[in-house]
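Presented below is the structure to which this report refers.
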Amino acid sequence: MDAQIIELPKFLDRRGNLSIIEQFKQIPFKIARTYWIYDVPGGEKRGGHAYKENQEFIVALSGSFDVILDDGKERKVFHLNRSYYGLYVPKGVWRQMENFSTNSLALVLASTSYDAQDYVYDYNEFRKAK
Ligand code: TYD
């Protein structure tokens, strides 16, 4: 699976910590869009789809959650719980997010503008396309 955890630069000093993401440096795409997911009620799941073209980078800015990825060959669970690393999700990967902790904040950087046509919501269709 081409998905991977990417460590981000971390500047630590007595005033606190600072981390950064720059397009084409820490992540392999140009950032077209940013969104964030917050106030997720306990037990809720997000995602449950794939994108035909969109690539994403997901960071747990606060709290923790799991990202479950399935590329049609294997299924992997990534637990995100620190703001100095994130998960790179290539296009064409089925993804779901769950186990959000209270007050968790998921930052998502995306390679494309929002396009409802880019979503694949049918898992069987996703498997067939693989
Ligand atoms: P959705 O894709 O269902 O969220 P998730 O993948 O986390 O389950 O998005 C929820 C709503 O927000 C849906 O009505 C579409 C809208 N939306 C946008 O308008 N622009 C965006 O960039 C995103 C990600 C969602």
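This one's a predicted model, so the numbers in the text were calculated from it and none came from an experiment. Remember, it's 1-based here, ligands and their atoms both numbered in the order they're listed. Values below: every heavy atom of this structure, side chains too, minus hydrogens, waters and symmetry copies.
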CG/Asn103: more than 12 non-hydrogen atoms of other groups inside 6.0 Å
no
Please say whether more than 12 non-hydrogen atoms of neighbouring residues, nucleotides or ligands are located less than 6.0 Å from CD in Glu74.
yes
Between Ile37 and Met97, is any pair of side-chain heavy atoms under 4.5 Å apart?
yes
Please tabulate, line by line, the atom pairs linking an N/O of ligand 1 to a protein N/O at a distance below 3.5 Å, with the distance in Å to 0.1, or answer 'none'.
{"from": "ligand 1", "atom 1": "2 (O)", "to": "Tyr119", "atom 2": "OH", "distance (Å)": "3.0"}
{"from": "ligand 1", "atom 1": "4 (O)", "to": "Arg46", "atom 2": "NH2", "distance (Å)": "3.1"}
{"from": "ligand 1", "atom 1": "6 (O)", "to": "His49", "atom 2": "NE2", "distance (Å)": "2.7"}
{"from": "ligand 1", "atom 1": "7 (O)", "to": "Arg46", "atom 2": "NE", "distance (Å)": "3.0"}
{"from": "ligand 1", "atom 1": "7 (O)", "to": "Arg46", "atom 2": "NH2", "distance (Å)": "3.2"}
{"from": "ligand 1", "atom 1": "8 (O)", "to": "Gly47", "atom 2": "N", "distance (Å)": "2.8"}
{"from": "ligand 1", "atom 1": "22 (O)", "to": "Arg33", "atom 2": "NH1", "distance (Å)": "2.5"}

Can you list the residues that meet the ring pair (Phe, Tyr, Trp, His ring centres under 6.0 Å) rule with Tyr35, with sequence neighbours excluded?
none
Aromatic ring proximity, centroids under 6.0 angstrom, Phe24 and Phe29
no
Give a yes/no verdict on a cation-pi contact between Lys91 and Tyr51, requiring under 6.0 Å between NZ or CZ and the six-membered ring centre and an angle within 45° of the axis.
no
